[in-house]
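Here the structure comes first, spelled out in C-alpha cells, and everything after it is commentary.
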Amino acid sequence: MSTQSDNRFQAIISHAKEYGFVFQSSEIYDGLSAVYDYGPYGSELKKNIRDYWWKSMTQMHENIVGVDAAIFMHPTTWKASGHVDNFSDPMIDNKDSKKRYRVDHLIEGFAETLTEKGETQKAETILKEMDVLLAKEDYAGLKELIVSNNMKCSVSGTCNWTDIRQFNLMFDTKLGSVTDEADTIYLRPETAQGIFVNFLNVQKTARMKIPFGIAQTGKAFRNEIVARQFIFRMREFEQMEMQFFVRPGTEGEWYKYWKEARLQWHLSLGIDAAKYRYHDHVKLAHYAKEACDIEFDFPMGFKEVEGIHSRSDFDLSQHQQYSKKKMQYFDADVDSATGKPYGNYVPYVVETSIGLDRMFLLILSNAYDEETLTKEDGSTDSRVVMHIPAKIAPIKLAILPLTKKDGLPELARELMNECKPHFRCFYEEKDAIGKRYRRMDAIGTPFCVTIDHQSKEDGTVTIRYRDTMQQERVPMSKVKEIVLQQIF
RNA sequence: GCGGAAGUAGCUCACCUGGUAGAGCGACAGCUUCCCAAGCUGUAGGUAGCGGGUUCGAGUCCCGUCUUCCGCUCCA
C-alpha cells in the first residue's frame, strides 16, 4: 500500500470520528477490539443505505418479500448449516517462524507433496487418518500425525510446533438461567439461515411462487482471529442479504441475472464503475456451484463488498435432513419437455449477500475528498467535502438564514417546518455563511438554502449545490420539490 | 497470534539528554451581518490509553496490559 493511500485511509477514519459518523465501541474504557458504534450522522447514513437496499429489493421486486429473523436460533441450525464443523478450525503455530497454519491445510499440503513424489499410497493413508482424528477432535493425535511424519514449516523448515488449538468463530452464550451444556446457543454467524428455516412459512403465508426471494437485514457475529481495517472486518456486523429460490436447472441464468443486477445497484448510486470489479471464485465451497464477489477499490485496495453465490439445494436439503421436515415446493407449472407439472422439489438458491458496514465504508471512501479551491483573487483555499449520494446523505437540506436578525430566521423557520416532515433538514444561524457551507460539506449535505434580504421581498432563496458549489435563485415554495426530486 | 509502528484536548501535532502540560484548527457564548471556513472578545476541554517499577521527581527510562494502523496469517 502506498503512503498516500495509507494517509487517505487514516484521514477518512479521523474524519469519521470527528464528524460523528463512527466511534470506537466503549472508547472511554480503551475500546473493544474490532467493535464500533455509529454516531449521529453515521447512524443516519447507515439507515439510509439499508433503506435504499431494502426498497430496491422488496418494493421494486414483486416477487421478493422480507423477514426479520431472531439472532438466536436453535443450535441444530448450525450443525445443519455446517458452521459447527467448518467454522471451528484447529490451528497450529510453528514456534520458529511464528507462522500459523490450519491443521487440515498443513496436512493436506504435506500429502500433496507426497503425491507429487509418487508416494500416493502414503498420502492417502495420512489423509484418511487425519479425517478420523478431525472427526474425533483428537488434537493430540493430530499433532502426533504432524510430528511423526516430520511435516515442516515452509518458512522456517523446522518441525517445532505448538499444541493444536481450536478457534471457534461462533460466539456462544447460555439460554435460560440454568447453565447447562444443552442450553448453549450461538449468536448467528450469518443471517442466511434465518431465511432458510422460514422458507416454507414465508412461501405459504405470502403465497409466493417460484422463482421468488426472501430479503433480510440484520446483525451477525464472528469471533475473527484477526479483525482489522476499521469497520471493514468487525466482530459484530450487519448483513443485507436476499436468498432467491429457483427451479433446479435455472440457477445458472438467475446467478447471471443477480450478478449483473447487484452491480447495477451499486452503480445506481452514481459511483464510478471503474472502482468496481468482479472476482469469480475458482475454489468453491462444497455447496456452491458458482460464486463471485463484487469488489471495490477501497483505500487499502480492492476488497470484497458483496458476494453472489449459487448455493444449489444445499441449505434446504440440510435442514430437511436435520429437522426431518420436508423443505419442498410443489411447482404446478408444466414442463414443456414432459407435458407434466414440475412437481415437488427442493428449490435451488441464488444468494446475494452484502455487508452493510462495508457498504458504509465504501460510501465514505468514495465520498471523501480534500479539494483545493481557487478564489476570485487568485488565492487558494481548501475544503473537505463528502460527496455522499444525495439519496442516502444523512442530512438532505441545510436551511441557513444569512443573518440572525431582520426577520430572516423567522422566514427560515417557515421553510424548515415545511420540509422537515419529508426529509432530514438542518437549521443553523451561527457563524459566517461560508463556514456553515463548509460544515455541511464535511458531513455531505447535498443542498444548502440561504435566506437573505431579497427573500423577504420576493420570496426567493438561493440553493447551493455541494459538489459544484454553484448557486441558483429559486422560489422558496419550490425548495421542497427540488430536493425531493433529487433524493428519490 | 507473530513482527513493525504508534497512543498527549474533538482533530493534527509540539514538549530536545527525566524538573509542576502547550499550539493551531475545532467546539461553545457573545460581537460583527459579511453568499463560500480560519475577524474581535470570552469560555470550556487533558490525573499524557491504563497499571506497575526505577527516581527526590516520569509524558519522557523499564516492565506489563489495552487499543489502533501496517506486514505475515486468517477470512465456512
Side-chain angles (χ1 to χ4, degrees), chain A residues 1-3 5-7 9-11 13-20 23-36 39 78 81-89 91-102 104-105 155 162 165 167-170 189-190 192 222-230 232-233 283-288 291 293 299-300 303-304 307 309 311 314 371 373 375-376 381-385 400-406 408 429-442 448-454 461-464 466 469-471 473:
Chain A
M1 184 189 297
S2 72
T3 310
S5 62
D6 208 22
N7 289 345
F9 194 34
Q10 294 295 343
I13 294 170
S14 293
H15 190 86
K17 188 195 173 186
E18 188 170 3
Y19 287 92
F23 309 126
Q24 190 171 18
S25 164
S26 325
E27 196 189 14
I28 62 167
Y29 293 110
D30 283 340
L32 190 60
S33 183
V35 185
Y36 291 90
W78 307 112
S81 70
H83 284 82
V84 171
D85 293 330
N86 295 325
F87 239 47
S88 53
D89 303 314
M91 310 285 283
I92 192 165
D93 293 9
N94 183 275
K95 287 179 186 169
D96 298 312
S97 66
K98 310 293 184 193
K99 207 170 146 69
R100 167 170 297 167
Y101 295 86
R102 262 176 66 169
D104 54 340
H105 286 181
V155 175
T162 63
R165 284 173 295 176
F167 291 88
N168 194 330
L169 264 61
M170 285 197 289
E190 64 171 28
R222 291 183 196 178
N223 200 0
E224 302 279 358
I225 299 166
V226 175
R228 261 202 310 232
Q229 289 173 318
F230 194 42
F232 188 80
R233 177 164 294 127
K283 216 175 129 186
L284 295 169
H286 54 291
Y287 54 75
D293 297 335
M300 63 281 192
K303 299 272 186 185
E304 176 188 356
H309 306 258
R311 293 176 73 123
F314 175 79
E371 287 181 359
L373 310 168
K375 292 203 238 180
E376 283 176 10
D381 196 2
S382 69
R383 68 164 182 163
V384 172
V385 55
L400 316 167
L402 192 60
T403 74
K404 54 179 122 176
K405 53 187 184 192
D406 303 332
L408 301 187
E429 58 186 44
K430 187 181 153 47
D431 292 326
I433 190 69
K435 200 166 191 171
R436 283 180 269 168
Y437 285 153
R438 296 304 166 84
R439 272 201 283 256
M440 288 299 106
D441 289 341
C448 291
V449 156
T450 304
I451 284 84
D452 57 18
H453 293 91
Q454 194 184 328
V461 296
T462 55
I463 184 162
R464 179 257 194 191
R466 175 194 66 201
M469 296 174 74
Q470 295 296 307
Q471 295 181 189
R473 196 140 198 115

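The sequence lines fix the lettering, A, B, ..., with proteins before strands; numbering per chain opens at 1.
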- Query: Tell me: NZ of A/Lys17 to C1' of B/rG7, nearest whole Å?
  - Reply: 12 Å
- A/Ile28 CD1 - B/rG7 P separation (whole Å): 22 Å
- What residues, two or more places apart in sequence or in another chain, satisfy salt bridge (charged side-chain N to carboxylate O under 4.0 Å, His left out) together with A/Glu18? none
- Query: Checking all strands, does A/Ala34 fall into the base, sugar-phosphate, or nothing category for heavy-atom contacts under 4.0 angstrom?
  - Reply: sugar-phosphate
- Which residues satisfy the side-chain contact (heavy atoms from CB on, under 4.5 Å) test with A/Lys303, sequence neighbours excluded? A/Gln229, A/Phe232, A/Phe298, A/Met300
- Task: Round to a whole Å and report the spacing from CG of A/Asn223 to P of B/rG1.
- Result: 11 Å
- Message: Using a heavy-atom cut-off of 4.0 Å across all strands, would you classify A/Tyr29 as base, sugar-phosphate, or nothing?
- Response: nothing
- What pairs with A/Asn223 under side-chain contact (heavy atoms from CB on, under 4.5 Å), at least two apart in sequence or on another chain? A/Phe171, A/Arg235
- Query: Looking at A/Leu32 and A/Gln24, what are the two nearest heavy atoms and their distance?
  - Reply: O-NE2, 3.8 Å
- Task: For nucleotides B/rG1 and B/rU12, find the distance between their C1' atoms and express it as a whole number of Å.
- Result: 33 Å
- Query: Counting distance only, does the side-chain N/O of A/Arg464 pair as donor-acceptor with the main-chain N or O of A/Val449 below 3.5 Å?
  - Reply: no
- Message: In whole Å, measure the gap between the C1' atoms of B/rA14 and B/rC25 for me.
- Response: 14 Å
- Round to a whole Å and report the spacing from CE of A/Met300 to C1' of B/rC69. 12 Å
- Is the phosphate of B/rU68, meaning OP1 or OP2, less than 4.0 Å from a side-chain N or O of A/Ser33? yes
- Round to the nearest Å and state the distance from A/Phe230 atom CZ to B/rC69 atom C1'. 12 Å
- Message: In this structure, how many angstroms lie between the C1' atom of B/rU12 and the CD1 atom of A/Ile13, rounded?
- Response: 15 Å
- Message: Between B/rG51 and B/rU67, how many Å separate the two C1' atoms, rounded to a whole number?
- Response: 15 Å
- Does A/Asp452 have any salt bridge (charged side-chain N to carboxylate O under 4.0 Å, His left out) partners at least two apart in sequence or in another chain, and if so, which? A/Arg473
- Message: Mind checking if A/Glu190 touches a base, just sugar-phosphate, or nothing, with heavy atoms under 4.0 Å?
- Response: base
- Message: Using atom C1' in both nucleotides, what's the gap between B/rA23 and B/rG57 to the nearest angstrom?
- Response: 26 Å
- Message: What is the separation between atom CZ on A/Phe232 and atom P on B/rC74, rounded to the nearest whole Å?
- Response: 16 Å
- Partners of A/Asp381 by side-chain contact (heavy atoms from CB on, under 4.5 Å), sequence neighbours excluded? A/Leu373, A/Lys375, A/Arg438
- Query: What pattern of brackets, bars and dots sums up RNA chain B from 5' to 3', given Watson-Crick or G-U wobble pairs under 3.5 Å, [ ] for crossing pairs and | for another strand?
  - Reply: (((((((..((((.....[..)))).(((((.......))))).....(((((..]....))))))))))))....
- Interatomic distance at P, B/rA9 relative to B/rG49, whole Å: 8 Å
- Item | Atom C1', compared across B/rC28 and B/rU20: separation rounded to whole Å | 29 Å
- Can you sort out the partners of A/Glu190 under side-chain contact (heavy atoms from CB on, under 4.5 Å), two or more places apart, ordered by chain and number? A/Trp78, A/His83, A/Ala192, A/Gln193, A/Arg222, A/Gln239, A/Arg311
- Message: Any side-chain N or O of A/Gln24 below 4.0 angstrom from OP1/OP2 of B/rU68?
- Response: yes
- Query: Using atom C1' of each nucleotide, how far apart are B/rU60 and B/rA48 to the nearest Å?
  - Reply: 10 Å
- Task: Check for a donor-acceptor pair, side chain of A/His15 on one end and backbone N or O of A/Gln10 on the other, with a separation under 3.5 Å.
- Result: no
- Note on the structure: Between CD of A/Gln10 and C1' of B/rC70 the distance, given in whole Å, is 9 Å
- Query: Say you pick atom P in B/rG4 and the same atom in B/rG64; how far apart are they, in whole Å?
  - Reply: 12 Å
- Message: Under the rule for ring-ring contact (aromatic ring centres under 6.0 Å, His included), what residues qualify as partners of A/Phe230, not counting sequence neighbours?
- Response: A/Tyr36
- Item | Basic-acidic side-chain contact under 4.0 Å: A/Lys405, A/Glu429 | no
- Note on the structure: Readout for nucleotides 32-51 of chain B: B = base within 4.0 Å of protein heavy atom, S = sugar-phosphate only, - = neither; 5' to 3' it is -B-BBBB----------B--
- First encountered from the 5' end of RNA chain B, between A/Lys430 and A/Arg233: A/Lys430
